[in-house]
Amino acid sequence: MKDIKNIHGRAMELMRIANQNLIDRNKEAYYENTKAALELEEEAAFELFADFDSEPTRSVLFRSAANLAYNLGEHGRAEKLIYQALSGSPYAEIKAELIGLKEKIEDSLVRELSANDIVEYSYINVIKENAVNLKIEPKTDKYSKAVVVDYIVDFLKNIQTSYKNFAEILFRKNFGEDEYPNYENALTSFRKDSNLLMVNLNYQSFGIGLVADTEIMNYKYDMSEKFVSFKKLFSMDLKTTFYLQILILKNFINRLLKDSMMKNELKSILLLLIH
């Protein structure tokens with residue numbers, strides 16, 4: 001028998017690389033690595049094709065291969081792999097996931113989703129992992145448990161404004177005025193193109209997922225190596241971004257406090273902001 005663990009491990013590594021390809025918006029590399037991962041995962045799964053005593057490993061491998069086939073838009077191949085998994089005795093949780101994937105395939109066929117459409121949904125699923133999930137609740141009981149639309153709009157606008165302010169601080173920190181022919185134009189464009197993405201909605205709990213992804217934004221005015229590296233730094237986990245936002249703001253305020261020309265009244269206000 002082949003080394004199933006090794007084959008599966010190589011497939012997982014290719015899947016990890018493929019997900020990074022998605023984040024980098026490199027679809028050609030994504031397809032190539034996902035196809036290679038599918039071939040390996042199928043190879044591992046079919047090594048256990050007749051070994052019905054190897055659950056849950058058997059059904060897990062077929063499920064993984066079926067997901068990869070679906071992500072490539074190969075619906076027929078994915079369905080066959082699902083049936084192979086169900087022909088054994090998959091655990092209840094795995095069986096439910098297989099049936100869910102079968103329903104997702106049927107929905108894709110009804111909606112006539114192309115392979116490219118499925119790849120874009122896969123991209124959303126990948127960046128969801130870095131999303132900050134927020135729950136929106138009504139300010140008062142005036143409208144029962146309903147949330148006033150204006151409250152949601154204001155709430156999201158405030159978060160977006162905060163994110164753009166943070167983007168500007170990072171830009172000013174990393175780039176000097178001598179690095180652009182028109183520094184203010186470059187900064188204005190960067191700030192305009194820095195947007196948070198809503199990648200998840202939970203209607204029952206009024207929940208939303210927000211994520212920052214600089215790879216998909218239209219930063220076309222600077223393709224230098226320094227800016228590309230800066231983009232990747234800036235596109236870090238949004239939870240970390242919010243934390244850094246607070247730290248940078250505190251440092252900025254501390255620098256202002258050292259200004260001997262600043263009036264005592266303003267210093268008192270700034271001290272309240274950082275404590």
Side-chain angles (χ1 to χ4, degrees), residues 1-109 113-131 199-200 211 213 215 229 232 235-237 239-240:
M1 179 180 283
K2 296 179 180 178
D3 187 343
I4 295 174
K5 185 176 180 180
N6 178 266
I7 297 171
H8 174 66
R10 287 156 55 199
M12 291 298 100
E13 176 60 17
L14 284 169
M15 288 168 62
R16 185 193 65 76
I17 295 171
N19 285 340
Q20 186 58 50
N21 295 148
L22 266 186
I23 293 172
D24 294 339
R25 310 301 292 158
N26 188 342
K27 290 184 183 180
E28 185 177 339
Y30 169 78
Y31 279 117
E32 181 181 332
N33 285 310
T34 303
K35 284 180 180 178
L38 173 56
E39 295 296 329
L40 287 171
E41 201 71 337
E42 273 190 332
E43 182 182 349
F46 277 105
E47 277 295 303
L48 299 177
F49 174 69
D51 188 356
F52 295 103
D53 294 327
S54 61
E55 294 292 354
T57 304
R58 180 184 182 278
S59 54
V60 166
L61 290 172
F62 275 111
R63 178 195 61 185
S64 176
N67 272 301
L68 287 170
Y70 170 78
N71 289 342
L72 290 168
E74 297 187 28
H75 297 138
R77 189 174 181 179
E79 286 186 317
K80 289 178 181 178
L81 290 163
I82 290 172
Y83 292 136
Q84 297 291 358
L86 292 173
S87 68
S89 302
Y91 289 7
E93 182 181 346
I94 299 171
K95 184 177 181 179
E97 291 178 4
L98 289 163
I99 293 172
L101 179 57
K102 179 70 168 60
E103 291 173 349
K104 193 157 67 168
I105 292 171
E106 292 170 353
D107 179 65
S108 297
L109 292 171
L113 296 181
S114 67
N116 184 67
D117 290 330
I118 293 172
V119 167
E120 292 304 330
Y121 283 119
S122 296
Y123 160 74
I124 294 297
N125 287 330
V126 169
I127 65 173
K128 269 183 186 179
E129 296 176 6
N130 291 326
V199 294
N200 195 27
V211 69
D213 181 16
E215 290 300 325
S229 298
K232 291 186 181 297
S235 189
M236 65 180 67
D237 185 324
K239 296 172 187 175
T240 307

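Computed from a predicted structure; not experimentally measured.
- The minimum heavy-atom distance between Y121 and L113, with the atom names listed, is CE1-CD1, 4.1 Å.
- In this structure, E97 and N67 have side chains that are not in contact, with every pair of non-hydrogen atoms separated by 4.5 Å or more.
- Of all heavy-atom pairs spanning A11 and E41, the tightest one is CB-OE1, 3.4 Å.
- With hydrogens and angles left out, the side-chain atoms of D117 and S114 include a donor and acceptor closer than 3.5 Å.
- Taking the side chain as every heavy atom from C-beta outward, T57 and H8 never approach each other to under 4.5 Å.
- Here N19 contributes atom CG and N33 contributes atom CG; the two are 10.0 Å apart, rounded to the nearest 0.5 Å.
- Judged by distance alone, the side chain of S87 and the main-chain N or O of Q84 form a donor-acceptor pair under 3.5 Å.
- Remark: D3 CG to I7 CD1 distance equals 6.5 Å, nearest 0.5 Å.
- H75 has its side chain within reach of I118: a pair of non-hydrogen atoms, C-beta onward, lies under 4.5 Å apart.
- Between the side chain of E47 and the backbone N or O of K2 there is at least one donor-acceptor pair closer than 3.5 Å.
- Between K35 and E39 there is no salt bridge, since no side-chain N of the basic residue sits under 4.0 Å from a carboxylate O of the acidic one.
- Distance check: L14 CG to R10 CZ gives 8.0 Å after rounding to the nearest 0.5 Å.
- The nearest pair of heavy atoms linking P90 to A85 is CD-O, 3.7 Å.
- Between T34 atom OG1 and N21 atom CG the span is 7.5 Å, to the nearest 0.5 Å.
- Within the 3.5 Å criterion, the main-chain N or O of F49 finds a donor-acceptor partner in the side chain of R58.
- Scanning all heavy atoms of the two residues, the minimum distance from L61 to A44 falls at CD1-O, 3.8 Å.
- Heavy-atom neighbours of K80 NZ from other residues, nucleotides or ligands within 6.0 Å: at or below the threshold of 12.
- The side-chain heavy atoms of Y30 and N71, taken from C-beta on, include a pair separated by under 4.5 Å.
- Here the closest non-hydrogen pair linking A66 and I82 is CB-CG1, 3.8 Å.
- In this structure, the side chain of E42 does not engage the main chain of F46 through any donor-acceptor pair within 3.5 Å.
- Shown here for A65 and L38, the closest heavy-atom pair between the two residues is O-CD1, 3.2 Å.
- Residues Y31 and V119 form a side-chain contact, since some pair of their non-hydrogen atoms from C-beta on lies under 4.5 Å apart.
- I124 has its side chain within reach of K128: a pair of non-hydrogen atoms, C-beta onward, lies under 4.5 Å apart.
- Under 4.0 Å is where a charged nitrogen must lie from a carboxylate oxygen, and between E120 and R25 at least one such pair does.
- A salt bridge between E13 and R16 is present, with a side-chain N of the basic residue lying under 4.0 Å from a carboxylate O of the acidic one.
- Side-chain contact check for S64 versus M12: some heavy-atom pair is nearer than 4.5 Å.
- In K95, the NZ atom is not crowded: 12 or fewer heavy atoms of neighbouring residues, nucleotides or ligands sit closer than 6.0 Å.
- Looking at E79 and Y70, their side chains never come closer than 4.5 Å, going by heavy atoms from C-beta outward.
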